[in-house]
Amino acid sequence: MADTVATNGHSGQHQQGTKKQEDAVPELPKYLYAALEKLAPEEGFTDGKFTIAFDFGSSKGDGFVGQMFKAIISEGERKEAYLCKIPPLDDARREQFHAMTAFAREALVYERFLPAIYKFQREKGIASAQDGGFFNTPRCYYAHCDEEQAQSVIIMEDLRLRDFTMWNKHNPIDYDHARLFMTHIGRFHAVSLAMKRDRPQEFEQFKLPNPFDPIVEADGPFRNMILSQLQMVIDALDEQDTMERAKMEQLKLEIFDEFQRCGNGALAEPYTVVGHGDCWTNNMMFRYKDGKPEEIILFDWQVMRYVTPVQDLVYFSFCCMDAPFRRKHYEEMCDIYYQSLSNTLAKLGHDAGEVFPRSALDEQFQTFGRYAILMAMFLVPMMCTKNEELPDIEAMAQRMKQTHQLEESFFKATESNQDAYRKRMSGVVKDCIRYGYL
């Protein structure tokens, strides 16, 4: 049931009513209504005769830089639901966490990048995922960003209406879901490698820089927070883990340089790809057949960048898998990825042995594999934390605005998550050492 209702009339005026309760939908910006009013006639609604209602589109902890609302457009008996993603309504949160930069990037993805790679594949004879291509994103009806006005709207399909569901982020991923992800991220990277060679001028616009560079710049507000997260990792290790502790203490001295090095696409050439950049289970949904995942959709493209393909692989493998799974299946998952990439490259007219040899992938793992720990130190504590114990992002942003520093960790080990966090995080550190990344 929608909490906020706006009625569309010929005059363009809205009457908005909000329930007096804690979980009521806040007053939403006029530009969001304008975007939906533009979309409605394109979707077959009659101008002046439809209504727009809103409800929350996601749970606490499901989004960080953006906020999701579900819009329901109604006319007579017809009702259609759409997911609307907008920048944070809170000014401090929007400014302190560089939200508009992220939205500009995601609008580019939906407006230009995804249509371009879909068209490229079709011209090569790959019309769908069934043909071995990458088409695994939600349908986007509208995407626009005006950074100067701090306004952005991305309107997408609600995947839940097609029986897609999200993996429970608190649980380590299992074999079937991991296999599906590795298969499709391999296809995605293959399209990038092929298009870079076949359509270099068109591809150039998608070589986006590392979005984390401004975050780790000298005296930036996030530096103390990054060091605090890293100290949490060290504290999670047992006293007898002397080698692990020493390696993490060394990383503490290099961590800001490592963020920039691992995100430097030039260092990964000629194997650099457009990467998704945020490959954890909250940014993908699955559809099932006979109890097994059959389809995957990737979304939240706000940190897409031109980078080593290894970033997407170690991000997923060290944040979403646990140590027992990696011990048993990590190398197999890398094989699944490479075989999928090779197959799609072949369909696109390229030989993986020339474009991206397996030996080159192994070298990329050694060069950039420590990105695993850089991401896990943020994601793992969040994945071990109950939603109701997650931090107040708005309050955090307000403190940043006042002090120009973020002195605290985003996600602290609490009494309820401490054991799970220590186990998962210790496994990440030990596996990074085992595979030669640290």
Under a 3.5 Å threshold, yes or no: a donor from one side chain and an acceptor from the other, between [X] and [Y]?
X: Gln339; Y: Asn343; answer: yes
X: Lys252; Y: Gln231; answer: yes
X: Glu269; Y: Tyr306; answer: yes
X: His276; Y: Asp312; answer: no

So which atom in [X] and which in [Y] form the shortest heavy-atom distance, rounded to 0.1 Å?
X: Tyr371; Y: Cys262; result: CD1-CB, 3.7 Å
X: Arg105; Y: Pro209; result: NH1-O, 2.8 Å
X: Glu27; Y: Leu89; result: O-CD1, 4.2 Å
X: Cys384; Y: Asn417; result: O-CB, 2.7 Å
X: Asn210; Y: Gln260; result: ND2-CA, 4.3 Å
X: Met425; Y: Ala236; result: CB-CB, 4.5 Å

salt_bridge([X], [Y]) N-O dist < 4.0 Å:
X: Arg326; Y: Asp431; value: yes
X: Asp322; Y: Lys423; value: no
X: Lys85; Y: Glu106; value: yes
X: Lys207; Y: Glu204; value: yes
X: Lys292; Y: Asp290; value: no
X: Glu123; Y: Arg199; value: yes
X: Lys196; Y: Glu202; value: no

Derivation and outcome, side chain to side chain donor-acceptor pair (under 3.5 Å), residues Tyr31 and Gln149: CA-CA 10 Å; Tyr31 68 79; Gln149 296 293 320; over 6 Å; no

Can any side-chain N or O of [X] pair as donor or acceptor with the backbone N or O of [Y] at less than 3.5 Å?
X: Arg287; Y: Phe164; result: no
X: Glu157; Y: Tyr82; result: no
X: Ser340; Y: Thr183; result: yes
X: Ser74; Y: Thr51; result: no
X: Asp131; Y: Gly133; result: no
X: Ser152; Y: Ile86; result: no
X: Arg187; Y: Ala129; result: yes
X: Arg305; Y: Pro211; result: no
X: Asp158; Y: Leu83; result: no
X: Gln121; Y: Ile126; result: no

List for me each residue that meets side-chain hydrogen bond (donor to acceptor under 3.5 Å, both in side chains) alongside Glu294, sequence neighbours excluded, and say none if there are none.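 Here no residue qualifies.
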
Under the side-chain hydrogen bond (donor to acceptor under 3.5 Å, both in side chains) rule, collect the residues that match up with Tyr271, sequence neighbours excluded.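 Listed in chain order: nothing, the list is empty.
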
For [X], all residues meeting side chain to side chain contact (heavy atoms under 4.5 Å, CB included), sequence neighbours excluded:
X: Gln130; answer: Ser128
X: Arg197; answer: Leu193, Pro270, His350, Val355
X: Thr165; answer: Tyr288

Show, in sequence, the C-alpha distance, side-chain angles and deciding distance for Tyr437 and Phe318, and conclude whether the side chain to side chain contact (heavy atoms under 4.5 Å, CB included) test is met. CA-CA 12 Å; Tyr437 305 160; Phe318 286 79; 3.7 Å; yes

How far does [atom1] of [X] sit from [atom2] of [Y], to the nearest 0.5 angstrom?
X: Phe325; Y: Ser317; atom1: CZ; atom2: OG; answer: 8.5 Å
X: Gln364; Y: Gln311; atom1: CD; atom2: CD; answer: 10.5 Å
X: Leu108; Y: Leu208; atom1: CG; atom2: CG; answer: 5.5 Å
X: Gln229; Y: Ile255; atom1: CD; atom2: CD1; answer: 9.5 Å
X: Lys169; Y: Leu379; atom1: NZ; atom2: CG; answer: 9.5 Å

Report the C-alpha distance between Phe188 and Trp301 in whole Å, list the side-chain angles of each, state the deciding distance to 0.1 Å, and finish with yes or no for ring-ring contact (aromatic ring centres under 6.0 Å, His included). CA-CA 13 Å; Phe188 177 57; Trp301 296 83; 5.3 Å; yes

Heavy-atom check, side chain of [X] versus side chain of [Y], under 4.5 Å:
X: Leu267; Y: Thr272; answer: no
X: Tyr421; Y: Val233; answer: yes
X: Pro381; Y: Met232; answer: yes
X: Met284; Y: Trp167; answer: no
X: Thr308; Y: Thr367; answer: no
X: Cys84; Y: Met156; answer: no
X: Pro172; Y: Met321; answer: no
X: Ile52; Y: Ile72; answer: no

What do the steps show when you test Thr46 against Glu75 for side chain to side chain contact (heavy atoms under 4.5 Å, CB included), and what is the final call? CA-CA 8 Å; Thr46 309; Glu75 180 183 344; 2.8 Å; yes

Determine whether Tyr175 and Glu332 satisfy the following criterion, side chain to side chain contact (heavy atoms under 4.5 Å, CB included), listing intermediate values before the conclusion. CA-CA 10 Å; Tyr175 182 90; Glu332 180 188 358; 2.4 Å; yes

Phe113 ring center near Phe203 ring center (under 6.0 Å):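 No, the ring centres sit 6.0 Å or more apart.
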
Is the gap between the ring centers of Phe316 and Phe181 under 6.0 Å?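 Ring centres of Phe181 and Phe316 closer than 6.0 Å.
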
What do you reckon, is NZ of Lys347 surrounded by more than 12 foreign heavy atoms closer than 6.0 Å?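 No, not enclosed.
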
Against the six-membered ring of Phe45, is Arg78 placed for a cation-pi contact (under 6.0 Å from the centre, within 45° of the normal)?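 Yes, Arg78 and Phe45 form such a contact.
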
Side-chain atoms of residues 137-145: list all donor-acceptor pairs with protein atoms under 3.5 Å, sequence neighbours left out, distances to 0.1 Å.
residue : atom : partner : partner atom : Å
Thr137  : OG1  : Tyr118  : OH           : 2.4

